[in-house]
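Working notes, beginning with the structure itself.
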Amino acid sequence: MLQKLSFILLACFGCTSLSQAQETCIIEGTFSNTKLCHGDAHIQKVYLNRMNEMELPILVDSATVNGNSFVIRHQLKDGHQSEIYLLTGFDNGNTAFFVEPGTVKIHMDAAYPTGAHATGTPTNDLYEAYKRIGEQCTRIQMDSLRQFSQIHPVAWIDSKEGIASRTRIGGEAKFKTHLARMRFLLEHNDSPLSPLMMQKELLYTISFDEANRLRQSMNPALDGHPYEEAFSNAVLAKNIGIGSELPNITMPTADNKKLTLKDFRGKYVLLDFWASWCGPCRREIPFVIKLYNETRSVKDKFVIVSFSLDNKKKAWTDAIPTMGMNLPDWVHVSDLYGWNSPAARDLGVSAIPKTFLLDPEGKLIAIDLRGDHMIQKVKELLGL
């Protein structure tokens, strides 16, 4: 459980700024032991890494270790949002903590950096309290095993009855931990830690209806926050079907602007996933062009958004005029991550072409419309 939590945290990103007046995060680190785990050398330098959209570490700062400590004074850009960063430079894992305005104090063992404790700023302090809930679960189970070993022979512990007893204690401890975590996050639902951990640790254990109620429980102060958006999208992705609201995917344009589905509220939207290398997509494009031409009289009510699953910008942007899609008001977007696109993942796109037809409220009307049937359906909706 703890190992899984550590892995999840390394994959997280995005959080909100606590004070626009402060522009620096001071990271003061100390080691109980600077010796690396897999050798006799001592750690010389640590590296601060931010996670990008694909949850990959990007080096942004570093510091030399003097004795058993280091200091990083990381300048925050305007509008910086509190995020989980990774501290690397070890030979046995990373340290994950929140970078936000203020002074973060981290104490670690070089050999076991994933067990570090970060305190001193609001989100880090809150996360330390949250982690203690899981640690209590582990302690309960370990204490029970010790008691078993003291009052029962080894043969009984490994017997059917002994295994059943251990399973019961473990299940009870985990369930109580689940409830305690849920209560803790609801009590702190104005913190970005709440939607983050709900998505990463609790969402997979509950139904869509329960998850949707949690989504609706988020404090309005988090509206538009990256963690809140990610949690909301993950919830909505559990229930994609006719009449449902789609995840509010991010859609970068060729000139590096970022659109979302919510930007098109008030209009019918045809969201079309395609790629320049996709033969079936190219055969379908003439029908999309025909639809475009036959709906120009109501362009204020309808928009076509073509999301490319290309991973090379030139291939994508060259294909648009080549296929005759470089037309006014036709929206072209791509994150250039191909099949690894977070948008494709959230919408369950596993084959292209793939279309989603949305109403002005963002609700799904139809999936996988093709050819003349697509044209007819859209025109009926638009009263043409």
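Predicted, not measured: the structure shown is a model, and the values here were computed from it.
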Open item on the list: Go through it in stages, so that I can follow the logic: the residues are Val99 and Val104, the test is side chain to side chain contact (heavy atoms under 4.5 Å, CB included), and I'd like the CA-CA distance, side-chain angles, deciding distance and then a yes or no.
Closed with: CA-CA 8 Å; Val99 165; Val104 182; over 6 Å; no

- [ ] List the steps, then state whether salt bridge (charged side-chain N to carboxylate O under 4.0 Å, His left out) holds for Asp359 with Lys363.
- [x] CA-CA 5 Å; Asp359 71 12; Lys363 301 294 180 62; over 6 Å; no

- [ ] Could you walk me through whether Val288 and Trp274 pass the side chain to side chain contact (heavy atoms under 4.5 Å, CB included) test, one step at a time?
- [x] CA-CA 11 Å; Val288 184; Trp274 72 293; over 6 Å; no

Task: Verdict with supporting geometry, Met325 and Tyr292, side chain to side chain contact (heavy atoms under 4.5 Å, CB included) - done: CA-CA 9 Å; Met325 298 187 292; Tyr292 169 91; over 6 Å; no

TODO: List the steps, then state whether side-chain hydrogen bond (donor to acceptor under 3.5 Å, both in side chains) holds for Asp209 with Ser207.
DONE: CA-CA 5 Å; Asp209 288 339; Ser207 69; 5.3 Å; no

- [ ] Take Glu294 and Leu384, measure what side chain to side chain contact (heavy atoms under 4.5 Å, CB included) needs, and give me the verdict at the end.
- [x] CA-CA 9 Å; Glu294 295 185 10; Leu384 297 175; over 6 Å; no

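Between the Asn49 side chain and the Leu86 main chain, a donor and an acceptor come within less than 3.5 Å of each other. Between the side chain of Thr355 and the backbone N or O of Leu369 there is at least one donor-acceptor pair closer than 3.5 Å. A donor-acceptor pair under 3.5 Å is absent between the side-chain atoms of Gln44 and the main chain of Thr64, judged by distance alone. Between the side chain of Thr95 and the backbone N or O of Pro113, at least one donor-acceptor pair lies under 3.5 Å. Counting only distance, with no hydrogens or angles, the side chain of Asp346 and the backbone of Ala237 share no donor-acceptor pair below 3.5 Å. No side-chain donor-acceptor contact under 3.5 Å links Ser232 to the backbone of Glu229. At distances below 3.5 Å, at least one donor-acceptor pair connects side-chain atoms of Ser194 with backbone N or O atoms of Leu185. With hydrogens and angles ignored, the 3.5 Å screen pairs no side-chain donor or acceptor of Asn33 with any backbone N or O of Asp109. Side chain of Arg345 to main chain of Asn340: no donor-acceptor pair is present (N/O by atom type, distance under 3.5 Å, no hydrogens or angles). Between the Asn311 side chain and the Tyr337 main chain, no donor and acceptor come within less than 3.5 Å of each other.
The OH atom of Tyr268 sits 9.0 Å away from atom NZ of Lys301, with the distance rounded to the nearest 0.5 Å. Between the OG1 atom of Thr103 and the CG atom of Asn124 there is a distance of 11.5 Å, given to the nearest 0.5 Å. How far CD1 of Ile26 is from OG1 of Thr121: 11.5 Å, rounded to the nearest 0.5 Å. Annotation: the span from Lys176 atom NZ to Leu179 atom CG amounts to 10.0 Å, rounded to 0.5 Å. In this structure, CG in Leu76 is found 6.5 Å from OG1 in Thr24, a value given to the nearest 0.5 Å. Once rounded to the nearest 0.5 Å, the distance linking NZ of Lys354 with CG of Asp272 reads 11.5 Å.
In this structure the side chain of Ile249 reaches within 4.5 angstrom of the side chain of Leu271, judged on heavy atoms. At least one side-chain heavy atom of Leu186 sits under 4.5 Å from a side-chain heavy atom of Ser217. Within the 4.5 Å cutoff, the side chain of Ile365 has heavy atoms near those of the Lys377 side chain. Within the 4.5 Å cutoff, the side chain of Lys262 has heavy atoms near those of the Glu245 side chain. Put simply, the side chain of Pro353 reaches to within 4.5 Å of the side chain of Cys278, judged on heavy atoms. Residues Arg296 and Asp329 have side chains in contact (heavy-atom distance under 4.5 Å, counting atoms from C-beta outward). Between Ile84 and Tyr127 the shortest side-chain heavy-atom distance does not fall below 4.5 Å. Taking 4.5 Å as the limit, every side-chain heavy atom of Val305 sits out of range of all side-chain heavy atoms of Leu259.
Closest of all the heavy-atom pairs between Tyr47 and Gly89 is CD1-CA, 3.9 Å. In plain terms, the two heavy atoms of Gly120 and Asp125 that are nearest each other are N-OD1, 2.9 Å. Nearest heavy atom pair, residue Met251 against residue Thr260, reads CE-C, 3.6 Å. Between Asp335 and Ala343, the closest heavy-atom pair is OD2-N, 4.3 Å.
Heavy atoms from other residues, nucleotides or ligands lying under 6.0 Å from NZ of Lys105 number 12 at most. Within a 6.0 Å sphere centred on CG of Asp255, other residues, nucleotides and ligands contribute more than 12 heavy atoms. Residue-environment remark: CD (Glu187) exceeds the threshold of 12 foreign heavy atoms within 6.0 Å. Within a 6.0 Å radius of CZ in Arg370, more than 12 heavy atoms belonging to other residues, nucleotides or ligands are found.
In this structure, Phe70 and Phe31 have tilted ring planes: the angle between them lies in the 30° to 60° band. Between Trp339 and Trp277, the ring-plane angle classifies as tilted under the 30° and 60° cut-offs. Using the six-membered ring where Trp is involved, Phe184 and His188 have ring planes that are tilted, between 30° and 60° apart.
Remark: of the listed residues Lys290, Lys379, Glu284, Glu284 is the sole one forming a side chain to side chain contact (heavy atoms under 4.5 Å, CB included) with Met374. Of the candidates Leu202, Leu196, Leu203, Phe231 forms a side chain to side chain contact (heavy atoms under 4.5 Å, CB included) with just one, namely Leu203.
A salt bridge between Glu128 and Lys131 is present, with a side-chain N of the basic residue lying under 4.0 Å from a carboxylate O of the acidic one. Salt bridge status for Lys77 with Glu83: absent, with no side-chain N to carboxylate O gap under 4.0 Å.
For residues 233-243, no residue pair satisfies the side chain to side chain donor-acceptor pair (under 3.5 Å) rule, not counting sequence neighbours.
Counted by atom type alone, Asp61 and His74 present one or more donor-acceptor pairs between their side chains at under 3.5 Å. For the residue pair Ser334 / Asp310, no side-chain donor-acceptor distance below 3.5 Å is found, with atom types taken as modelled.
Hydrophobic clustering (ILVMFWY, side-chain heavy atoms < 4.5 Å, transitive): Tyr112 and Phe97 are in distinct clusters. Cluster annotation: Tyr85 is connected to Met108 through the hydrophobic network of ILVMFWY side chains, with a link wherever side-chain heavy atoms come within less than 4.5 Å.
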